There are 2 protein chains.
Amino acid sequence: MARCLFIPLLLSAASAAPLPLVPMPQQVTLSTGALKIDSNFQVTTTAYSDARLQSAIKRFTTRLANQTGIPDQSRDRQGAVLLIECQQAGPTYPTLSEDESYILDISPATARLTARTTTGTLRGFETFLQLVRPGPDGFEVPALHIEDRPRFPWRGLMLDVARHWMPVAVIERNLDAMAAVKLNVFHWHLSDDQGFRVESKRYPKLQQEGSDGNFYAQAEVREVLAYARDRGIRVVPEFDMPGHTTSWFAGYPELASAAGAYKIERRWGVFEPTMDPTREETYTFLDNFIGEMAALFPDPYFHIGGDEVVDKQWKQSASIQAFARAHKLAGSRDLQAYFNQRVEKLLKKRGKTMIGWDEVLSPGLPPETVIQSWRGPTSLADAAAKGYRSLLSYGFYLDHLKPASDHYANDPAPPNLPTREAALILGGEACMWTEYANAETVDSRIWPRMAAIAERLWSPAAVKDTDSMYERLDIVSRWLALTGIQHRASQILLDRLTGNQPAEPLRILAQVSEALGIDGRRTARRYTSLVPLNRFVDAIPPESELVRDLIRAAANVLSRDQGERSFNPDLRLSLTQWASVEPRLRPLARNNPLLTELLPLAANLSTAAGIGLRALDFLERRQTPPAGWIEQQIQELDRLEKPVAEVRLAAIRLVRFLLAQLRQQAKPQPLANSNVRSRYKPLCNGPRTVPNWTPRRAPAHALLRNSFVAKGSLYENEG
Amino acid sequence: MARCLFIPLLLSAASAAPLPLVPMPQQVTLSTGALKIDSNFQVTTTAYSDARLQSAIKRFTTRLANQTGIPDQSRDRQGAVLLIECQQAGPTYPTLSEDESYILDISPATARLTARTTTGTLRGFETFLQLVRPGPDGFEVPALHIEDRPRFPWRGLMLDVARHWMPVAVIERNLDAMAAVKLNVFHWHLSDDQGFRVESKRYPKLQQEGSDGNFYAQAEVREVLAYARDRGIRVVPEFDMPGHTTSWFAGYPELASAAGAYKIERRWGVFEPTMDPTREETYTFLDNFIGEMAALFPDPYFHIGGDEVVDKQWKQSASIQAFARAHKLAGSRDLQAYFNQRVEKLLKKRGKTMIGWDEVLSPGLPPETVIQSWRGPTSLADAAAKGYRSLLSYGFYLDHLKPASDHYANDPAPPNLPTREAALILGGEACMWTEYANAETVDSRIWPRMAAIAERLWSPAAVKDTDSMYERLDIVSRWLALTGIQHRASQILLDRLTGNQPAEPLRILAQVSEALGIDGRRTARRYTSLVPLNRFVDAIPPESELVRDLIRAAANVLSRDQGERSFNPDLRLSLTQWASVEPRLRPLARNNPLLTELLPLAANLSTAAGIGLRALDFLERRQTPPAGWIEQQIQELDRLEKPVAEVRLAAIRLVRFLLAQLRQQAKPQPLANSNVRSRYKPLCNGPRTVPNWTPRRAPAHALLRNSFVAKGSLYENEG
């Protein structure tokens, strides 16, 4: 039997839609018929059960009610049954490499979910919920057999709560969404130059002076830990050191390598304040602090950051330099290595295994240390070659606001990697740094793209068809909204821009615009933590679903190249609507800079739409445009494509696609039916192509190879 | 000085939009300039302050942050100041007729909010928040002077939590929205045939047998009471008796007038089980129960329902009939009067004043009793004539899903009412019965129409311009969404219908469709409390904002009748979009009855849109259509207007409007510039015209008069 059936090809009987599973299970066998979900549907455990499983069942039935609108009433049920056969509880706190496998077997009469542990059961519940759909006889799940287990044991999301404060509610709804796509590690970036976010009872000035009052009380931390545990998610705390520590020094300046009062940093970037690695008092402090945090956070892994250490304070300190000479430490790298080894001993004493970013990798690092690779594929390969276990984060930086497809093509263990080294790769973590995201906007910066990364980390390596991923992601994105995640709630932020006046043109503009990521924003204006993130760019998503859908629909029409060409009426209507956005936005924008800055963007949209309408005319009539016309328009699009107000016009991609088809039409060669979708991909480039980012024109296998030979790094780590 | 300036006429300098205040304050004087709201904005108390006021300030600054995206940071502020001059706390628990007045004075330099009590301050905060808008230099509030106080002291919302269960979160977000429009009474309909929703420790079988487990623990009740009190809202509990009591009898059948086991009622309607008014044990039970509830609910008013008593059990009981004869009670009305008087004594013993629905009004009723009028204007007049204080609910039944304008025209104390009787009218309450609304959908059944009723109850009687109300309501509806109320979150319910597939045609259909109220639904199919409310009708709102806006925009163009006619491009685009909804919906609807039932609706929309497009052609070209064409189309619209799947096509109103303009154009008489908005109102009728509902063709003053001469009642009370 094939290891993995590609579900997008398996259209179910009841519906033309694919099974909207993300991540794709390891093995799916479709059967015929469906199991009815109505008010009589019941869930029963037949083997092991405990409070954690029972509360998971309660959440499951509540969500089933949300998905169907059928009230969750517990009495007098007599309908189809989901039997839960959980063999044992498994560990009470989720652990690395625990058994997460499950088997889901659904027939028109009954469903059976089998798992060795509660965690496996949780994963199976999510698959079941993704399968629920309206059928000819009410809601149903299709009959099928699924056997599933993760490819990697470490599938994480790192969230920076230091640069912008994220209340517990934000954390919890993201944990819900993480669980929904079978992620199992929440990496909590709890301290940085801009904030120290957890209560220390031993050193209370950490949060008192370092947080503006925005920190998690220890009781809240415990609440989050329990919430995550219930959902099969480990929580790995990160306290970044010895750099990125300005906020510590606000309360405890004696920890720093240079004298002086310190205040919370309001700017973004990499700063000089660094812990003094040479004073014993530093380690006494860290010993006590780590002792307190090690007791608070049950996970055996403990992240010490270790990235982006600026050695200026060290170089300027006579005593530190004297210490280095005395201890034969050749330079700043050696000083950091010394620091890491001291800290590692403190962690080991508490039973914790150290994790650090790339930079912790240096001679003498204990072999059990886990390296989180952010600087590029070479660092991951380097760690593996030296026998360290590692996690890939390079290529999974959500705050760059790259398309999901880019992340999706990024494989922690590409096929050409030697087996021994591949075995050391635990998985990966997406990173959400929050210079340009706050509690209101962070959900849309993480979701739905995080789900594509979750699939990369859970599903077999061979599951890599981008079109299939997007088709399922569009559905799963809406499904995720039912978990409470707010990534699709942008209308409320758009309404704010107009003072809550009805503003259809703004909605239309938002549908075809995309927010720039950190690269586009940090150069655009002087941002600090005090600058509100309340503009159009903050309200809109990083990837336009509508433009992608319109291109797909148009490609489908063009692929059926014989006979009449009847495009989806949406295409012409959309272009027509776009053409009129600017004049309709103008009166609303009067005296409102939040809208005025968008008028050039709207004007670009109008112009591009005009080009698109003409191209559509040519295509529909199968006419050849005047000589040079296409080239002229492409030049015009290059101009129109330039970001405005930190926003990129996704609509341009559709117009480029139409022009490319028109050019193709001018050639004698007919369009082939196959590969029609991928043909337009190169057009998606433009300002989104970033040097050193894995190039998207390359075929998938080449992409994977390339990702290990790139020379530099696009990224600046923020943590 | 005029008592009330009509704000819609006062366009502020910075923006073409009206001041979006709902309810309209009693007196507004616009000044020039604006006060800047940025991260330095501060709030300071200068007089009385206490914990309730401080927590109100905290909520205020949090909401200001939500409205502007400017973080609520408490330190180092140096900007504009809002000074709070609250003279005294006022009562700790909100009371009837407490002073709710406030004065808000805003200059470009500072703002001052003056009130006698904390409650007045709360009202002023809401006005301030409604004034916040994007200005040329960031967010701002316009300079102005407002003096405000309510017209009626009792401005309420009754919510039925018996027929569909409403969790605490639903109650609390509705309390937030109520406070936002200055409502001050939450009438909590806690028991009915279908459920008993509050925990009794004295008689626990009430909730154990009568609630399916869905009831408020007393701790939760206290939480809600505190939540309401913080927002200046009284909570009046209702325990409906002696009818509507099936759920009581599930646990305590001995209370009933007929022997037998009772189960929670699952159907909707009026049922026979009724308390036995003749047994002393009934009053012992009620004495204990009222004692427990009187201690739980601090408000001095206590609602005993008393409506819709079916006397079948009484007539069939020999002992009850014997009792009646022995006590010289002439019939069932006398029996109920006897019951009421006994219950009233139990209430008085606990310091409570009785309220009841119309039916409690009978000879011997204590004069302090408050009558809540639901059956029609005559009952209100009747109560007033007999010297009872009363509340108007007739005309404020939200579950009928009437347009906001209908409720808006409904005045509890119309100008022709004698002064003595007018003085007895405490105000009004909107009623939200929940046969056809559940926790997911109830917000959109209450909001934004509730805000129009809130204006009727707060603002001077002279504030009654419907166009102005709608213009402000469209803005305030979006503003309300920031309080957390979910009335605009319908997309998530629409997504569910398609299995979360992208479905633009469904969104378009939803924009031009309107849900029928209880009248249209109870006859459509056999509903019970077990039938899911998960269809299109449940997802869409009762009133189409888009259709109203399109008609308004078209009317504006037509009113400028000289020269070129250039309609908003939205109009033609919308009609074109509507014409294509049906073919685009069809593939999605395959095998999906939730969508299949909408295909006839979509087909009607397509046909109507085609008529509209032709009418638009004629109008734009100033052509006269062929003889008889208009009449023929109107007949066709009559056919297309018939509800489908319990949904009404609002789009028809726009097409009717265009046809009416076309007919006007055919006449020699030019269109007058004035009154152009109201001209199209009669077109809004059709299936929405309900017999005995105050007719909408009449001018406002006639409406008010008429509302006191209508003969019958449209309503069936549900409580």
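Throughout, a chain's letter reflects where its sequence line sits, starting with A, and its residues are numbered from 1. In this text the structure is predicted, and so the values were computed from the model without any measurement.
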Distance (rounded to the nearest 0.5 Å) between B:Asp212 CG and B:Gln194 CD: 11.0 Å

Please look at A:Leu497 and chain B and tell me whether the side chain, the backbone, both or neither of the residue comes under 4.5 angstrom of a heavy atom of that chain. backbone

Bottom line for A:Thr68: the part with an atom under 4.5 Å from chain B's heavy atoms is backbone

Hey, are the side chains of A:Tyr470 and A:Arg548 touching, using non-hydrogen atoms and a 4.5 Å cut-off? yes

Using heavy-atom distances under 4.5 Å, tell me whether B:Gln67 contacts chain A through its side chain, its backbone, both, or neither. backbone

Is it the backbone or the side chain of B:Arg584 that comes under 4.5 Å from a heavy atom of chain A, or both, or neither? side chain

Has B:Asp443 got a side-chain atom pairing as donor or acceptor with B:Gln486's backbone, closer than 3.5 angstrom? yes

I need the residue from A:Ala489, A:Ser477, A:Pro532, A:Pro505 with the largest number of non-hydrogen atom pairs under 4.5 Å to chain B. A:Pro532

Per-residue contact mode, B:Leu573 against chain A (heavy atom under 4.5 angstrom): both

Among B:Asn438, B:Asp549, B:Asn66, B:Leu530, which residue forms the greatest number of heavy-atom pairs with chain A at distances under 4.5 Å? B:Asn66

What part of B:Ala439 lies closer than 4.5 angstrom to a heavy atom of chain A: side chain, backbone, both or neither? neither

Is the shortest side-chain heavy-atom distance between A:Lys36 and A:Glu140 below 4.5 Å? no

Rounded at 0.5 Å granularity, tell me how far OH in A:Tyr436 sits from OG1 in A:Thr441. 12.5 Å

Report which part of B:Thr498 has an atom under 4.5 Å of a heavy atom belonging to chain A: side chain, backbone, both, or neither. backbone

Winner by heavy-atom pair count (cut-off under 4.5 Å) against chain A, out of B:Pro583, B:Ala65, B:Pro502: B:Pro502

Heavy atoms, side chains only, cut-off 4.5 Å: are B:Leu613 and B:Arg572 in contact? yes

Do any N or O atoms from the side chain of A:Thr483 and from the backbone of A:Trp479 form a donor-acceptor pair under 3.5 angstrom? no

Counting heavy-atom pairs under 4.5 Å with chain B, the top scorer among A:Asp495, A:Val531, A:Asp137 is A:Asp495

Output the distance between atom OG (B:Ser529) and atom NE2 (B:His164), rounded to the nearest 0.5 Å. 6.5 Å

Which of the residues A:Arg488, A:Arg507, A:Gln491 is involved in the greatest number of heavy-atom pairs with chain B at under 4.5 angstrom? A:Arg507

Heavy-atom pairs under 4.5 Å with chain A, option from B:Leu595, B:Asp570, B:Leu546 with the top count: B:Asp570

Inter-residue atom distance A:Asn40.CG - A:Ile70.CD1, 0.5 Å rounding: 10.0 Å

Honestly, the part of B:Glu545 sitting under 4.5 Å from a heavy atom of chain A is side chain

Any B:Pro448 side-chain heavy atom under 4.5 Å of B:His487 side chain: yes

Contact origin within B:Asp474 toward chain A - heavy atom pairs under 4.5 Å: both

